Amino acid sequence: MTGTALLTGGAGYIGSHTAVVLLQAGWSVVVVDNMANSSPVAVERVRELVGGDLAFHRADIRDERALDAVFAAHDVDAVVHFAGLKAVGESVAKPLDYYETNVGGSVNLLKVMRNAGVRNLVFSSSATVYGDPEVVPVTERSPVGETTNPYGRTKLIIEDLLRDVAVAEDGWHIAILRYFNPIGAHPSGHIGEDPYGIPNNLVPNLMQVAAGRLPKVRVFGTDYPTADGTGVRDYIHVVDLAEGHLAALERLDAIDGAEAINLGTGKGYSVLEVITAASKAVGHDVPYEIEGRRSGDIATVYTDPTHAREMLGWEAKRGIDEMVADHWRWQSTNPRGYEGEADG
Ligand code: NAD
Ligand code: UFG
């Protein structure tokens with residue numbers, strides 16, 4: 001199946017990689033993004049990489065009239081809803097912004113979709129809905145709800161909202177994709193994650209250390225109940241994740257109502273294992289120092305990938321070495337992200 005997919009937040013990290021994969025598979029793509037955390041250069045790079053039928057509208061998902069106009073201008077078959085705010089720490093400081101953009105923006109989008117008669121939706125949720133799981137790997141039947149921050153709570157609320165909408169009206173096909181830890185970049189090095197300021201997440205931070213822009217990786221805790229004492233996560237290559245969205249769009253008809261699907265590799269890596277893999281990719285040791293635990297962190301989370309394989313016919317193919325090598329190619333050829341002149 002192909003058609004026209006509208007990507008809210010399609011200029012962002014995961015959205016831009018998904019745009020590439022969809023265009024390559026023959027989909028037409030309409031990106032809607034207000035550029036709150038992205039650059040128009042990302043959309044240009046996607047065009048340069050793959051060509052294809054790509055439209056871009058600078059618009060805010062909270063703006064009903066603007067969204068109406070986008071749906072009137074395109075014959076949209078399905079929406080992939082990436083747009084939102086995602087910084088955990090910021091969400092604690094600015095909860096109203098998070099509820100307004102993530103929850104309010106989703107309500108608005110659903111109203112506009114319903115008016116336009118579009119009921120196919122793929123939503124970006126997060127493994128954060130599982131909180132600190134008692135049992136790993138987590139499956140879609142693992143308990144949700146013990147999130148520790150407003151960002152995570154917005155994801156839970158939106159998941160409930162989607163289920164309620166699907167119960168109230170027939171005809172909705174909604175895939176709720178719960179991502180684990182996306183890292184890496186397109187192998188061309190032309191698109192990647194471009195975080196503002198000092199990155200909070202391990203791999204973007206580590207890459208800036210490797211590039212000499214930050215002095216040392218701070219390892220947050222070596223006293224977790226894991227093999228080497230550092231936190232374990234299910235890192236997934238962003239291109240694998242993008243391919244998961246293509247698979248979800250292709251199988252949406254099989255979902256009656258709303259259904260959650262975990263997207264991860266099923267393998268966990270510790271902070272020290274990631275640093276070792278990254279050191280190999282960059283060709284020198286990435287310096288680090290041990291610090292105390294970061295508040296709100298959990299020891300271990302990784303998925304059981306069975307449901308994704310069965311529902312979507314999809315599984316992640318790329319390993320940790322490829323993830324960090326591709327991330328490094330993007331970082332080293334675009335040291336200032338989309339702002340700077342790319343050397344490569
Ligand atoms: P991102 O910040 O790169 O992309 C989000 C995009 O949404 C940005 O381009 C931003 O400009 C846009 N946006 C924000 N507010 C908007 C608004 N009001 N109107 C229109 N556009 C708006 O983040 P990402 O890493 O690509 O994440 C995409 C989605 O996946 C988010 O919903 C995020 O919560 C979710 N997610 C991300 C991760 C991760 O680790 N990256 C993990 C789990 C879930
Ligand atoms: N870590 C460090 N040093 C750093 C950054 C992180 O040691 O500078 C460690 C963390 O303690 C953790 C691991 O590296 O053990 C991964 O941390 P990240 O910040 O990269 O990712 P998280 O798993 O903490 O967070 C991610 C998403 C959140 C989401 C959360 C739960 O970024 O949006 O998963 O699913 F809420």
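Being a predicted model, the structure only gives us computed values, none of them experimental. Numbers here are sequence positions counted from 1. Numbering of ligands and ligand atoms starts at 1, following listing order.
Atom 26 (O) of ligand 1 has Ile14 N, 2.8 Å as its closest protein atom, hydrogens excluded (heavy atom only). Protein heavy atom nearest atom 31 (C) of ligand 1, with residue, atom name and distance: Phe82 O, 3.1 Å. Remark: minimum distance from atom 40 (O) of ligand 1 to any protein heavy atom is reached at Pro182 CD, 3.3 Å.
Heavy-atom contacts of Thr101 reach the following atoms of ligand 1: 15 (N), 18 (N) (cutoff under 4.0 Å). Listed by atom number, the atoms of ligand 1 under 4.0 Å from Ser124 heavy atoms are 29 (C), 30 (O), 32 (O), 35 (C). Heavy-atom contacts of Ala59 reach the following atoms of ligand 1: 19 (N), 20 (C) (cutoff under 4.0 Å). Under a 4.0 Å criterion applied to the non-hydrogen atoms of Ser126, ligand 1 contributes the atoms 43 (C), 44 (C). Near Met35, the atoms of ligand 1 lying under 4.0 angstrom from a non-hydrogen atom of the residue are 11 (O).
For the pair Arg233 and Tyr269, the cation-pi test (distance below 6.0 Å, angle within 45°) is failed.
A side-chain donor-acceptor contact under 3.5 Å links Asp194 to the backbone of Tyr338. Using modelled atom types, one side-chain atom of Asp240 and one backbone atom of Arg318 make a donor-acceptor pair closer than 3.5 Å.
A heavy-atom separation below 4.0 Å is found between Ser125 and ligand 1. The closest approach between any non-hydrogen atom of Asp60 and ligand 1 is below 4.0 Å. Using a 4.0 angstrom heavy-atom cutoff, Gly105 does not count as in contact with ligand 1.
Looking at Lys155 against ligand 1, only its side chain comes within 4.0 Å, counting heavy atoms. Contacts of Ile61 with ligand 1, taken as heavy-atom pairs under 4.0 Å, involve both backbone and side chain. At a heavy-atom distance under 4.0 Å, only side-chain atoms of Arg62, from C-beta outward, approach ligand 1. Counting heavy atoms under 4.0 Å from ligand 1, residue Ala127 does not touch it at all.
Protein residues lining ligand 2, listed by chain and number: Val88, Ser126, Ala127, Thr128, Tyr151, Asn181, Asn200, Asn201, Leu202, Arg218, Val219, Phe220, Gly231, Arg233, Tyr235, Val271, Arg294, Asp297 [non-hydrogen atoms, distance under 4.0 Å].
Other residues, nucleotides and ligands place no more than 12 heavy atoms under 6.0 Å from the CZ atom of Arg218.
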- Item | Candidate pair His57 and His74, rule ring-ring contact (aromatic ring centres under 6.0 Å, His included), full reasoning | CA-CA 11 Å; His57 297 266; His74 301 275; 5.0 Å; yes

